[in-house]
Amino acid sequence: MKVFCLGAAGRISREAVLDLVQHGSFDTITIGDYNYEEACKVAQWLNDSRVNVVKIDVNQVEEAAALMRGYDVVMDGTQITLNGKSTECIAKAGCHGVNLNGFGEENQWDDLFRQAGKTCVPGFGMTPGTTQMMAMHLANQLDTVEEVYVSHGSFRPIAFSKSITETTTYEYDPALPSRVVFEDGKFLQVPPFARPRKVLLPEPYGETVQYIIPHSETVTLAKALKDKGVRLIEVRGTWPMQNMNLVRGLYDYGILKNPMVKVGETEVGLMTLIGDYLVDSEQGKHTDLYGYALHIEVIGTKNGQRKQGILYHTHPASDGSVPGWEGLRAYTRNVAIPLAIAAEQLAKGAVKQTGILIPEEAFQPQVIFDELAKREIYMHESWTEL
């Protein structure tokens, strides 16, 4: 089997390639990135004969598709703003595909994947991706589902890479139409910092205040749980407190609207300037606590009894006690490992449907959980009668 790892010179996607090297069944693992020099450094770090490197530019669609053609699956680690273009390349190459973000730009290429008999699953990392598996695991044990609360704590620096800075700007854009909740059969748009809710995450994270975020779980779970009568779906997230304080200040002062400012003779978005500063600053590259924490709550009924299920996950500590999980890698490996697992599942033919699929349609939760457990990422489940 052959896998094309698009954008894998990045800090997150290189960890997905490492997982394929350590756990995958691929004979050929190709890193394709516009930053050829950095991609070569990643290949050197991996030190595996199955790994090779090519330079690729997804903006040159036909040339990029030609480079991907013949691979079983493309594992797409490019940033949010490129996902529409990168998915076009994958579709035209006639490969299976999976990416981390799943913000909807991929859907326009559904027909091409169907015509090729291939599958694309947008949005399969920790969130979105693993979160949908957790919600479905709980929902599958109920006769009806009333409420779903998807929450995560993403403990990483605000700007350890430009793509991460871009994610911040995107998710907290005040006008973003995809920041929605599902309530009584309708998707309702909400502003940044809407509907604060206290969520207790496992140690060392503790209690956090989380706000609605524009992740795809709201839409995909509404589709997947329609027959169970789901009434409310809310998806929240948080970053380290200092990150949240900064973003809140930028929002309160209107800076997240990204107004144009003049620098010399050039006009540029103010958030672009701030992002560039953060990427180059020590404060932007470091935080006190690293890692990831998913927390899913589902309320519904079983045999007429109202019940609440809670599922959360844990992973090796970032304190250096477990080799390979030190510092920032406790965050990046959490995001990357589910992506690698999904790529392997697609390449092996475990997903029978074709076209653009939501995670709930593509994968079985227990299969994903079993694979995560092999990497010391564990699920913890509890139920309460209400």
Side-chain angles (χ1 to χ4, degrees), residues 1-10 12-13 16-17 28-36 39 53-125 128-129 161-163 166-167 169-171 173 176-178 214-216 219-220 223 335-336 338-340 342-347 349 351 353-359 361-363:
M1 297 193 304
K2 298 171 64 177
V3 56
F4 194 99
C5 306
L6 183 62
I12 292 174
S13 293
V17 186
T28 300
I29 302 172
T30 298
I31 297 174
D33 204 289
Y34 187 74
N35 189 340
Y36 181 78
V53 179
V54 299
K55 184 170 184 176
I56 188 171
D57 180 359
V58 296
N59 292 300
Q60 305 300 318
V61 174
E62 299 305 323
E63 292 88 340
L67 288 171
M68 297 174 185
R69 198 161 288 128
Y71 284 81
D72 295 282
V73 63
V74 177
M75 186 176 72
D76 181 3
T78 58
Q79 63 261 42
I80 292 170
T81 53
L82 286 178
N83 282 165
K85 190 69 70 176
S86 61
T87 305
E88 179 184 4
C89 298
I90 299 167
K92 291 183 175 178
C95 305
H96 295 303
V98 60
N99 70 31
L100 284 170
N101 302 308
F103 279 93
E105 291 299 316
E106 306 87 351
N107 296 341
Q108 60 190 304
W109 308 113
D110 178 67
D111 286 345
L112 285 182
F113 282 104
R114 291 182 186 277
Q115 290 166 18
K118 301 296 181 180
T119 305
C120 180
V121 184
F124 206 89
S161 73
K162 285 192 174 182
S163 62
E166 184 179 274
T167 298
T169 304
Y170 181 91
E171 291 193 1
D173 176 356
L176 189 68
S178 60
H215 275 205
S216 59
V219 175
T220 65
K223 179 181 179 182
V335 180
L339 179 66
E344 176 93 2
Q345 290 290 307
L346 286 166
V351 182
Q353 293 177 261
T354 61
I356 301 287
L357 300 183
I358 60 175
E361 296 170 333
F363 304 117

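Please read all numbers here as calculations on a predicted model, not as lab measurements.
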* **Side-chain donor or acceptor of His96 paired with backbone N/O of Thr119 under 3.5 Å** =>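 Checking the backbone N and O of Thr119 against the side chain of His96, a donor-acceptor pair under 3.5 Å is found.
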* Are any side-chain N or O atoms of Asp110 and backbone N or O atoms of Ile356, one a donor and one an acceptor, separated by less than 3.5 Å? -> yes
Separation of [Y] [atom2] from [X] [atom1] (nearest 0.5 Å):
{"X": "Ile90", "Y": "Glu106", "atom1": "CD1", "atom2": "CD", "answer": "9.0 Å"}
{"X": "Thr30", "Y": "Tyr71", "atom1": "OG1", "atom2": "OH", "answer": "2.5 Å"}
{"X": "Asp33", "Y": "Cys5", "atom1": "CG", "atom2": "SG", "answer": "11.0 Å"}
{"X": "Glu105", "Y": "Leu82", "atom1": "CD", "atom2": "CG", "answer": "11.0 Å"}
{"X": "Asn99", "Y": "Phe124", "atom1": "CG", "atom2": "CZ", "answer": "12.0 Å"}
{"X": "Arg114", "Y": "Gln353", "atom1": "CZ", "atom2": "CD", "answer": "8.0 Å"}

Would you say the side chain of [Y] lies within less than 4.5 Å of the side chain of [X], judging by non-hydrogen atoms?
{"X": "Val121", "Y": "Gln345", "value": "no"}
{"X": "Phe363", "Y": "Val351", "value": "yes"}
{"X": "Lys55", "Y": "Tyr34", "value": "yes"}
{"X": "Val219", "Y": "Ser216", "value": "no"}
{"X": "Cys120", "Y": "Thr87", "value": "yes"}
{"X": "Asp72", "Y": "Val3", "value": "no"}

* Show your working on side chain to side chain donor-acceptor pair (under 3.5 Å) between Asn59 and Asp57 and close with a plain yes or no. => CA-CA 5 Å; Asn59 292 300; Asp57 180 359; 3.2 Å; yes
Measure across [X] and [Y] and return the closest heavy-atom pair with its distance rounded to 0.1 Å.
{"X": "Ile31", "Y": "Ala9", "value": "CG2-N, 4.4 Å"}
{"X": "Ala93", "Y": "Ala65", "value": "CB-O, 3.4 Å"}
{"X": "Ile56", "Y": "Gly32", "value": "CG2-C, 3.4 Å"}
{"X": "Ala16", "Y": "Ala340", "value": "O-CB, 3.5 Å"}
{"X": "Phe113", "Y": "Cys95", "value": "CE2-O, 3.3 Å"}
{"X": "Val17", "Y": "Ala8", "value": "CG2-CB, 3.5 Å"}

* Asked: Under the side-chain contact (heavy atoms from CB on, under 4.5 Å) criterion, do Gln79 and Thr167 qualify, and how do the steps go?
  -> CA-CA 8 Å; Gln79 63 261 42; Thr167 298; over 6 Å; no
* Asked: Has Tyr170 got more than 12 heavy atoms of other residues, nucleotides or ligands less than 6.0 Å from its OH?
  -> yes
* Over 12 foreign heavy atoms within 6.0 Å of CD, Glu171 -> yes
